[in-house]
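Report on the following structure.
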Amino acid sequence: MSKRALITGITGQDGSYLAELLLAKGYHVVGMLRRSSTVNFERIGHLQDDLELVSGDLLDEASMIQVLRAHQPEEVYNLAAQSFVQTSFTQPVLTGETTALGVTRLLDAVRMVDPGIRLYQASSSEMFGKVVEVPQSESTPFHPRSPYGVAKVYGHWITVNYRESYGMHTNSGILFNHESPRRGLEFVTRKIANGVARIKLGLDTTIALGNLEAQRDWGFAGDYVDAMWRMLQQPTPGDFVVATGETHSVREFCELAFGHVDLDWSDHVVIDERFFRPAEVDLLVGDPSQARDVLGWTPRTGFRELVEMMVDADLDAVARQQRHLA
Ligand code: NAP
Ligand code: F7E
């Protein structure tokens with residue numbers, strides 16, 4: 001009989017890649033959706049016939065108890081969150097309810113329905129924030145710099161706490177930034193890739209950005225979901241940093257993305273104060289050696305390849321929209 005997995009956040013970037021991976025491994029995949037007034041299947045439309053989609057919300061514990069009872073998964077991947085750092089400054093309470101307390105609601109639902117279920121919690125490099133060492137590993141102390149980062153620290157520790165208190169197989173994947181053509185348009189990499197495509201195809205002339213000197217360890221989401229799965233296959237649960245070990249600035253991302261279509265970024269990027277954050281995370285770079293040694297995981301997609309994949313995908317998508325409107 002095939003294994004059963006529940007994914008929260010199935011409509012998000014990672015949810016769609018993880019669903020593809022689990023389906024390819026023969027899993028029965030149940031995706032939890034929150035109620036919305038419009039269908040939001042942009043990323044999972046191609047998988048819709050292979051998934052079982054059910055209604056539930058991280059803000060409502062009873063809904064998750066009901067989903068767990070009805071579908072009896074062996075593995076739960078908690079990818080749902082208010083995941084945009086900038087929004088966490090304007091909606092800190094909602095971010096805490098979803099991204100922090102939502103984890104406790106889900107863990108508690110799992111504990112009540114079947115404490116033998118293995119759980120993955122989507123933790124984040126944003127927990128390191130104002131970093132105390134470079135690179136950051138599983139033992140680096142946290143100093144979050146946004147309500148989102150603070151909420152993720154809570155989510156991390158409650159995951160560890162349920163492991164230690166109840167002997168549950170709960171895992172915290174401390175993932176550094178991972179991107180793809182399915183990344184939300186508000187995140188800087190997709191904003192640049194989409195902007196480059198629109199400029200190249202004559203729809204825009206500039207992109208407005210904030211801090212170009214911010215540095216991130218950017219990998220490909222399709223590679224990172226494999227690390228999530230590997231964590232739940234281990235005999236003992238744990239915490240794992242998942243990263244490339246390389247860091248690049250927003251400026252470098254711009255150089256490569258515009259360069260890929262023979263444009264000079266400095267002719268098209270304008271700085272707009274609105275995109276600076278009240279507190280910034282300056283230098284994030286992860287040490288993924290534990291993931292390599294224990295999980296046998298390594299990233300496969302390099303930085304240039306990632307940038308070019310994203311720009312090419314947006315060139316295709318924008319050209320398709322133009323043809324549709326013509
Ligand atoms: P994403 O694209 O923003 O997807 C977030 C998902 O959460 C969406 O499916 C969203 O549903 C769902 N969601 C939001 N609030 C919910 C609620 N109250 N109840 C149920 N579902 C809810 O995020 P992602 O990039 O795939 O990231 C996946 C997870 O990894 C998140 O927890 C994120 O914080 C974490 N993470 C991401 C990165 C990264 O670089 N991508 C790095 C480290 C950690 P709607 O479609 O209805 O909005
Ligand atoms: O910002 C700078 C900005 O919004 C990256 C989430 O998935 O990864 C993501 O969080 C950097 C920041 O991602 C703009 O100041 C400059 O330093 O793409 P981002 P993020 O904040 O790193 C972590 C690991 C997560 O866990 C989160 O869920 O880029 N930046 N100019 C800009 N950022 C945005 N969004 N827009 C700009 O115009």
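Counting starts at 1 for both ligands and their atoms, in listed order.
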Going by the closest heavy atom to [atom], which one wins out of [options]?
atom                    : options              : value
atom 32 (O) of ligand 1 : K152, R34, R35       : K152
atom 9 (O) of ligand 1  : V103, T11, V225      : T11
atom 23 (C) of ligand 2 : Q82, R216, E126, Q13 : E126

Please determine whether a side-chain nitrogen of the Lys or Arg among [X] and [Y] lies less than 4.0 Å from a carboxylate oxygen of the Asp or Glu.
X    : Y    : value
D14  : R183 : no
R111 : D108 : yes
E126 : R216 : yes
R145 : E280 : no
D314 : R190 : yes
R304 : E308 : yes

Element-labelled atoms of ligand 1 that are located less than 4.0 Å from some non-hydrogen atom of [X]:
X    : answer
S123 : 43 (C), 44 (C)
T98  : 15 (N), 18 (N)
G12  : 2 (O), 4 (O), 8 (C), 9 (O), 26 (O)
A122 : 29 (C), 30 (O), 32 (O), 35 (C)
S124 : 43 (C), 44 (C)
N177 : 40 (O)

Provide, to 0.1 Å, the distance between [atom] and the closest protein heavy atom, together with that atom's residue and name.
atom                    : value
atom 28 (C) of ligand 1 : L79 O, 3.4 Å
atom 39 (C) of ligand 1 : H178 CE1, 3.3 Å
atom 22 (C) of ligand 1 : A80 CB, 3.6 Å
atom 35 (N) of ligand 2 : E186 O, 3.0 Å
atom 31 (N) of ligand 2 : G210 N, 2.8 Å
atom 8 (O) of ligand 2  : N177 ND2, 3.0 Å
atom 26 (O) of ligand 1 : D14 N, 2.8 Å
atom 27 (C) of ligand 2 : S83 O, 3.3 Å
atom 2 (O) of ligand 1  : Q13 N, 3.0 Å
atom 14 (C) of ligand 2 : V188 CG2, 3.5 Å
atom 1 (P) of ligand 1  : S83 OG, 3.7 Å
atom 20 (C) of ligand 1 : L58 N, 3.8 Å
atom 5 (C) of ligand 1  : A81 O, 3.8 Å
atom 15 (O) of ligand 2 : E280 OE2, 2.6 Å
atom 37 (C) of ligand 2 : K191 NZ, 3.7 Å
atom 19 (P) of ligand 2 : R277 NH2, 3.7 Å

Side chains of [X] and [Y]: do they bring a donor and an acceptor to under 3.5 Å?
X    : Y    : value
Q82  : T95  : yes
E20  : H46  : yes
H324 : Q322 : no
W157 : Y162 : no
H156 : Q121 : no
D226 : Y17  : no
S123 : S172 : yes
S16  : R182 : yes

Number the atoms of ligand 2 from 1 as they appear, then name those within less than 4.0 Å of a heavy atom of [X], with their elements.
X    : result
S124 : 23 (C), 24 (C), 25 (C), 26 (O)
Y148 : 25 (C), 26 (O), 27 (C), 28 (O)
F275 : 37 (C), 38 (O)
A214 : 17 (O)
S125 : 24 (C)
V85  : 10 (O), 21 (O)

If you measure from each non-hydrogen atom of [X] to ligand 1, which part falls under 4.0 Å: side chain, backbone, both or neither?
X    : result
R183 : side chain
N40  : side chain
S125 : neither
Y148 : side chain

Could you tell me whether [X] and [Y] have their ring centroids closer than 6.0 angstrom?
X    : Y    : value
F187 : F84  : yes
Y224 : W297 : yes
H268 : F258 : yes

For ligand 2, which part of [X] has a heavy atom less than 4.0 Å away: the side chain, the backbone, both, or neither?
X    : answer
L209 : both
R183 : side chain
F84  : side chain

Just verifying a value: how many Å separate M64 CE and D57 CG, rounded to the nearest 0.5 Å?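 One finds 7.5 Å between CE of M64 and CG of D57.
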Against N78, only a single residue in T170, V110, V103 fulfils side-chain contact (heavy atoms from CB on, under 4.5 Å); can you say which?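 Filter result, single survivor: V103.
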Do ligand 1 and E179 have nitrogen or oxygen atoms that lie under 3.5 Å from each other?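 No, E179 has no N/O under 3.5 Å of an N/O on ligand 1.
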Over 60° means perpendicular and under 30° means parallel, so classify the ring planes of Y120 and Y77, tilted if in between.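 Because their plane-to-plane angle lies in the 30° to 60° range, the rings of Y77 and Y120 count as tilted.
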Step through the shown structure and confirm whether more than 12 heavy atoms of other residues, nucleotides or ligands are within 6.0 Å of CD on Q233.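 Enclosed.
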